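Just so it is clear, the structure is predicted and the values come from calculations on it, not from any experiment.
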Amino acid sequence: MAKTEILIRNARTVLCMDDAGSELTQADIRLRGGVIVEIGQGLTTQGRVIDAARCVVTPGLVNTHHHLYQTLTRAVPGGQDALLFGWLKTLYPIWARFGPDEMFTSAQIGLAELALSGCTMSSDHLYLYPNGSRLDDTIAAAREVGLRFHPTRGAMSIGESAGGLPPDALVEDEAAILEDCIRVIDAFHDASDGAMVRVGVAPCSPFSVSRELMRDAALLARDKGVRLHTHLAENDEDIAYSETRFGCRPGQYAEDLGWTGEDVWHAHCVKLDDREINLFARSGTGVAHCPCSNCRLGSGIAPVRAMRDAGVNVGLGVDGSASNDAGNLAAEARQAMLLQRVTRGADAMSAREALWIATRGGAQVLGRTDCGQIAPGKRADLALWDVSGLESAGSWDPAALLLAGPQRVRYLVVEGRVLVEDGRMVSFDLDAAVRRQNALARRLAEQL
């Protein structure tokens, strides 16, 4: 990856998301070796210069929950108007036809969509591996696109015949799951500052794996020093399943099996009660809030204001494109802000707080103290938003991007490398990937 010096010159506004909440005007930012090395005015360089006079500069947005393979199954008939469990039952048979090509191409498309919406770092939760698919397929796609990547080795082990939700053809043997977790961690995980790939362990959900696998996965992850991720308390069906099957709420289930702590983050958490929120706050357990998916599936509105007030680490996730059906992280941040206002009033969440959750908050959830803010020594992951156009015309506050601003970046820089330039992906051939994606989707539809 290129590490030449870049000078972002004369930015109209820089939202640093640092501890002081700094907001700078007419500022320069020098990047070298993948790191932010200097912030000031009148800086010079022998390297590349990017004119940012019309731009608001933010840290790159951070996506804390995704299922990248699902970009091949957007707006599938039969699943468009279903609740979570019915939606899954519609889509499982389609996903069972995927292979390595589908996994690679869908990840390319999903990551490019994120990049164009200002995202520089994304997690991914891949929990099914049909027809020779491996986590390696998505990691290869991320390397080509250029985003910082946190793939998680997900899994399902309890099929319909054993009382689980997924069809038996999509579940795996639990010993094989743990063995492959070790393989991908040893092959790809990088714990160092500036790492482009960090691997996590992520059994899919309490309704698709055993208690034993949840417990063993937590032990394995802590032995390997990697993070833990799963779905939790997503909707009323989820709560009812936990109470019926396990005799407790999801928060208690997670705590009993070692699934709380600073190295754990859970997706959704729409139905957490006050006790569970306090448990997450005390233990440092993180939450990936997925507002658009929660709306699309009718799951409800997560109590993000209460979580934040209690001290829970909260980031944003676009979730899979089969349940969103988009992967725009800027739109996700705006939706998060609006939903808290719907439930708690117009002062429940500001545009700046929502943007903080989308940047610094997401970095905290993923354990990335080296990312998520604009400060010397932090990684050179930046989004440049052109506020001279239609979306911001008439705005009195260019820093209020989520109220009146573009949802597509002009420039995106990851680890000092320009991935988006003048609003277009330049790191790989996106048009060719879109053609492959559409051909694969047509083939899947024809097979059905």
Going by atom types only, do [X] and [Y] share a side-chain donor-acceptor pair under 3.5 Å?
X      : Y      : value
Trp95  : Thr73  : yes
Ser133 : Asp137 : no
Ser208 : Ser205 : yes
His65  : Asp319 : yes
His268 : Asn294 : yes
Thr58  : Trp385 : yes
His150 : Arg227 : no
Ser157 : Glu174 : yes
Ser106 : Gln70  : no
Gln252 : Arg275 : yes

Is there a side-chain contact between [X] and [Y], using heavy atoms and a 4.5 Å cut-off?
X      : Y      : result
Ile374 : Lys378 : no
Asn235 : Val270 : no
Met121 : Asn63  : no
Met337 : Pro291 : no
Leu384 : Val409 : no
Pro151 : Ser123 : no
Val365 : Val314 : no
His189 : Val184 : no

Look only at the side chain of [X] and the backbone of [Y], and say whether a donor-acceptor pair between them is shorter than 3.5 Å.
X      : Y      : result
Ser117 : Leu114 : yes
Arg305 : Ala348 : yes
Asp124 : Leu68  : yes
Glu23  : Thr13  : no
Ser22  : Asp18  : no
Arg215 : Leu257 : no
Thr152 : Gly154 : no

Looking only at heavy atoms, which two atoms of [X] and [Y] are closest? And how far apart?
X      : Y      : answer
Arg352 : Ala399 : NH2-CB, 3.1 Å
Thr230 : Cys204 : OG1-O, 2.9 Å
Val171 : Pro166 : CG1-CG, 3.9 Å
Arg143 : Arg417 : O-NH1, 4.4 Å
Trp87  : Gly79  : CD1-O, 3.3 Å
Leu401 : Pro406 : CD2-CD, 4.3 Å

- Message: Evaluate Leu412 against Thr120 for side-chain contact (heavy atoms from CB on, under 4.5 Å), listing each step before the verdict.
- Response: CA-CA 7 Å; Leu412 190 78; Thr120 54; 3.5 Å; yes
To the closest 0.5 Å, what do you measure between [atom1] ([X]) and [atom2] ([Y])?
X      : Y      : atom1 : atom2 : value
Glu276 : Thr260 : CD    : OG1   : 11.5 Å
Tyr92  : Leu128 : OH    : CG    : 8.0 Å
Leu272 : Thr285 : CG    : OG1   : 10.0 Å
Leu297 : Ser323 : CG    : OG    : 5.0 Å
Gln108 : Thr138 : CD    : OG1   : 11.5 Å
Arg74  : Gln437 : CZ    : CD    : 7.0 Å

- Message: Please evaluate residues Ile29 and Ile36 with respect to the criterion side-chain contact (heavy atoms from CB on, under 4.5 Å), reporting the C-alpha separation (whole Å), side-chain torsions for both, the decisive distance (0.1 Å), and the verdict.
- Response: CA-CA 7 Å; Ile29 308 170; Ile36 299 167; 3.9 Å; yes
- Query: Yes or no on side-chain contact (heavy atoms from CB on, under 4.5 Å) for Leu430 and Leu116, after CA distance, side-chain angles and deciding distance?
  - Reply: CA-CA 11 Å; Leu430 177 57; Leu116 289 167; 4.2 Å; yes
Using a strict 4.0 Å threshold on nitrogen-to-oxygen distance, state whether [X] and [Y] make a salt bridge.
X      : Y      : result
Glu391 : Arg408 : no
Glu353 : Arg308 : yes
Arg435 : Asp431 : no
Arg148 : Glu415 : yes
Asp238 : Arg249 : no
Asp422 : Arg410 : yes
Asp180 : Arg183 : yes
Glu102 : Arg97  : no
Asp190 : Arg198 : no

- Query: Is the distance between the ring centroids of Phe85 and Phe207 under 6.0 Å?
  - Reply: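 Ring-ring flag for Phe85/Phe207: true, centres closer than 6.0 Å.
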- Message: Between Asp236 and Lys271, is the salt bridge (Lys or Arg N to Asp or Glu O under 4.0 Å) condition met? List the steps.
- Response: CA-CA 7 Å; Asp236 290 331; Lys271 299 298 180 177; 3.5 Å; yes
- Item | salt bridge (Lys or Arg N to Asp or Glu O under 4.0 Å) between Arg368 and Asp193, worked out | CA-CA 8 Å; Arg368 295 303 297 255; Asp193 276 2; over 6 Å; no
- What's the verdict on side-chain contact (heavy atoms from CB on, under 4.5 Å) for Leu165 and Ile158, showing C-alpha distance, side-chain angles and the deciding distance? CA-CA 8 Å; Leu165 196 66; Ile158 298 181; over 6 Å; no
- When Leu329, Asn328, Leu316, Thr359 are each screened for side-chain contact (heavy atoms from CB on, under 4.5 Å) with Cys119, the one that passes is Leu329
- Using the salt bridge (Lys or Arg N to Asp or Glu O under 4.0 Å) rule, take Asp19 and Arg360 through it: C-alpha gap first, then chi angles, then the decisive distance, then the call. CA-CA 10 Å; Asp19 292 340; Arg360 186 80 180 272; 2.7 Å; yes
- Item | Six-ring centre of Tyr129, Arg153 cation under 6.0 angstrom, axis tolerance 45° | yes
- What orientation do His231 and His229 show, parallel under 30°, tilted 30 to 60°, or perpendicular over 60°?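 Rings of His231 and His229: tilted, 30 to 60°.
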